[in-house]
Enquirer: 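Here you go, one structure.
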Amino acid sequence: MNYAANSSTCLERILQDLDMEGLTKKDATLFTRRLREHFNALFEKYTHVYGHQYDCYFHLQKLIEILRDGVRNRKPSLKRIDAERTKAPLWYRDESQVGMACYVDLMGPTLKDLHDKIPYYQALGVTYLHLMPLYDAPKGDSDGGYAVSDYRKVNPTLGTIKDLEALATALQKAGIDLVLDFVFNHTSDEHAWAKAALAGNEQYQNYYYLFDDRSIPDQYEHTLREIFPQVRRGSFTYNEHMDKWVWTTFNSFQWDLNYSNPEVFNAITSEMLFLANIGCAGLRLDALAFIWKAMGTNCENQDNAHVLIQAFNTCLQIAAPSVVFKSEAIVHPDEVVKYIDKDECQLSYNPLLMALLWNSLATRKTRLLTRSMQKSFSISPDCAWVNYVRCHDDIGWTFDDAVAQELGINGHDHRFFLNQFYTGRFNGSFASGVPFAENPENGDCRVCGSLASLCGLEGALNANDEKGIDDAIQRMLLLYGITFSIGGIPLLYSSDELAKLNDYDYLNDPIKLHDARWVNRIAVTNSDTEFALSAERSALTVQEDASLRVFRGLQHMINIRKTNGVFGNAQTHIEESGNDHCFAFSRKNSDGETLLVVCNFSEHAQIVDSRLLTDRNWRDLLTDAAPSISEHGVLLRPFQQLWLSPTP
Ligand code: GLC
Ligand code: GLC
């Protein structure tokens, strides 16, 4: 293909040469229409990144063939979903939405077994199931599946692609969307591309960042953050076989892909469309902040990373338009929001809310939470937060130091305190967490642990402390209650709903031992789910009782969320509660429905300013009762949250 400087000339030339033989007439029309609609955007992004390369147009032409094949391979049932969702694109803002993330082996143990779990998901109101990476991966350590050896093959211990498609269909029938991981920053060193590189194939060596000696890696490392310092210092790994240094941001067996090579963009787009065509509603963009490298920077959140993600998104608009992106950017809050846009990632994890909920539990103070949410919660009305409390990873304290500074909090010292608090090293802490990725040089670390253990249940059970158990349960419900009500998709992390304690078994497994995140990757067995679903049971142990109280408490809140439009597409306003221990926000939707949420983060009763209530009468949706109001204000019990709805 010859040089074509503007997008319309370029498109016409591509269309002239494009072989549409394999497409039905209907598909050919559909594809051409979408291509005409989106080509200009794709052209701009693609040439922005690759335009200076002599063969840019050749690769762009190849990319269009990949998109054509994506349309050809898309099942009619998925095309129907494309049509429906294009008409109602904001489905993810609906109050009916509730997510759950789980590992197949910890809940299945195979994909086939997950069919039996559908009633359990339904009992919790789950509408979106994120299955953690389930692709073929190296035996032994595979970073919990995040080292992918083949995107087109399910890990044989979990099943097959056919099983996955069958599950997607069954979930769909039950009103549950499938969400899959798209691990596109790196592959495992056993991926066919890596193997070819290892064998000396230069084309595939260019798929990765390989260096003959330390000189360039040393220059990069001046400004790079170390992600897993417990595994290896620095971001590069020496490979003896090739006698080269490989860029490995995460584990040494996870090789970063080289997106400055357009062939990589094209190849991974093809993998992405394969995943989209399995039948998922969303792709979780793993580690997306790291995909572009630039000397002298920290190689995170670079402008071209955004341009590339937008280009991927445009590819989906053309080939699988019902599939949305969820951003996993666990970075500075000002950088997190830059990924959120209807043309980039429609959904994003909300790591700031997550971290600050834990901060407020530890400090019993809400000023940092309130200020930070006032600054960062509001995003485009076309997009939605995915609000979570725990996940399979560690907790990093990614708040904005400048906001903390305004409140007289020193970010560095405060992170140190939070780490001490949640790893139980701080006197009087209720939490049983485990440090992760401790950096021997600067003492930094992050925190692992299950919801229940971090909320104090483990310690309280060990101490036979009834009040401690009660407090722990209230803390769990409080944190989740905020994710259900503040706006966005709440995402349950499987095992949280049953208040499962830390699983220390990983310490007995030499493959897992170095990675404390396994402490919060916890099995939910058949007997657990049967227990949760069975009606009244007598003779519960103290722990079973706690588990059931959390399960039912969550169910109760989810039911309320689903039956009230104000929890769906509405605007959130973060309020001043007038009390340092309390967090408050209000919501309003276009039907004029409103909600006022007030939460007490301390183990003592608190009073908030009744001016928050304006002059209306309110009812608490959680207790179906009027709030207690005295001359001093609204009374909240320890850890109480009020979901206040105005009464006529
Ligand atoms: C993401 C995943 C994490 C993994 C990393 C590298 O942060 O959540 O589990 O280790 O990416 O893929
Ligand atoms: C990503 C995140 C980091 C997280 C890690 C996995 O690098 O930025 O916060 O801890 O993945 O553990």
Side-chain angles (χ1 to χ4, degrees), residues 99 101-106 130-138 140-149 151 155 179-191 194 208 224-232 235 237 246-257 259 268 271 275 282-291 298-301 305 309 325-332 335-336 339 345 347-351 354-355 386 388-398 434 436-437 445-449 491 493-494 506 511-512 514-522:
C102 76
Y103 279 98
V104 177
D105 59 333
L106 294 179
H130 168 210
L131 296 182
M132 305 295 297
L134 39 72
Y135 313 107
D136 202 19
D141 196 354
S142 67
D143 191 21
Y146 281 100
V148 177
S149 301
Y151 298 91
N155 191 318
V179 175
L180 292 174
D181 265 281
F182 181 35
V183 188
F184 69 122
N185 175 68
H186 43 262
T187 71
S188 87
D189 57 1
E190 294 181 13
H191 191 283
Y208 300 96
L224 292 180
R225 177 161 79 103
E226 286 179 280
I227 305 299
F228 289 160
Q230 85 284 13
V231 163
R232 171 211 66 232
S235 300
T237 303
V246 188
W247 197 314
T248 55
T249 299
F250 296 92
N251 288 287
S252 298
F253 51 82
Q254 289 164 299
W255 292 13
D256 287 46
L257 285 164
Y259 281 99
I268 209 85
E271 304 309 293
L275 301 183
L283 289 171
R284 171 190 181 277
L285 298 192
D286 181 66
L288 79 177
F290 297 88
I291 63 168
N298 63 357
C299 299
E300 295 181 39
N301 312 305
I309 296 160
F325 279 157
K326 172 169 68 163
S327 156
E328 191 247 344
I330 316 299
V331 291
H332 189 285
E335 299 295 340
V336 172
Y339 293 93
C345 295
L347 306 177
S348 168
Y349 282 97
N350 193 345
M354 182 279 293
V386 173
Y388 66 114
V389 177
R390 285 302 292 118
C391 70
H392 67 292
D393 279 334
D394 45 291
I395 301 175
W397 309 109
T398 59
V434 179
F436 173 66
C445 78
R446 312 196 286 268
V447 170
C448 293
L491 182 63
Y493 175 59
S494 109
Y506 78 102
I511 287 166
K512 296 179 175 169
H514 72 278
D515 191 336
R517 291 175 299 170
W518 287 102
V519 82
N520 47 254
R521 297 171 179 174
I522 304 166

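Please read all numbers here as calculations on a predicted model, not as lab measurements. Both counts, for ligands and for their atoms, begin at 1 and track the order of listing. Reckoned from all heavy atoms, side chains included, excluding hydrogens, waters and symmetry mates. Nothing fancy with the numbering, it's 1 onward along the sequence.
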Enquirer: Return yes if some donor-acceptor pair links the side-chain N/O of Tyr135 with the main-chain N/O of Asp181 below 3.5 Å, else return no.
Expert: yes

Enquirer: If the cut-off is 4.0 Å to any non-hydrogen atom of Arg517, which atoms of ligand 1 fall inside it?
Expert: 3 (C), 4 (C), 9 (O), 10 (O)

Enquirer: As an exercise, identify every atom of ligand 1 less than 4.0 angstrom from a heavy atom of His186.
Expert: 6 (C), 12 (O)

Enquirer: If you count the atoms of ligand 1 from 1 in the order shown, which ones are under 4.0 Å from a heavy atom of His392?
Expert: 2 (C), 3 (C), 8 (O), 9 (O)

Enquirer: Check for a donor-acceptor pair, side chain of Asp515 on one end and backbone N or O of Lys512 on the other, with a separation under 3.5 Å.
Expert: no

Enquirer: Closest by any non-hydrogen atom to atom 11 (O) of ligand 1: pick that one out of Asp393, Asp286, Asp394.
Expert: Asp286

Enquirer: Contact between Trp247 and Thr249 at the side-chain level, heavy atoms closer than 4.5 Å - yes or no?
Expert: yes

Enquirer: Out of all atoms in ligand 1, which are within 4.0 Å of some heavy atom of Phe228? Include the element for each.
Expert: 10 (O)

Enquirer: Compare Phe250, Phe290, Phe184 and give the one whose heavy atom is closest to atom 5 (C) of ligand 1.
Expert: Phe250

Enquirer: Between His392 and Tyr146, is the gap from one ring center to the other below 6.0 Å?
Expert: yes

Enquirer: Using the test salt bridge (charged side-chain N to carboxylate O under 4.0 Å, His left out), find all partners of Asp286 that sit at least two apart in sequence or belong to another chain.
Expert: Arg284

Enquirer: Tell me, please, which residues at least two apart from Asn251 pass side chain to side chain donor-acceptor pair (under 3.5 Å).
Expert: Gln254

Enquirer: What are the atoms of ligand 1, with element, lying closer than 4.0 Å to any heavy atom of Arg284?
Expert: 2 (C), 8 (O)

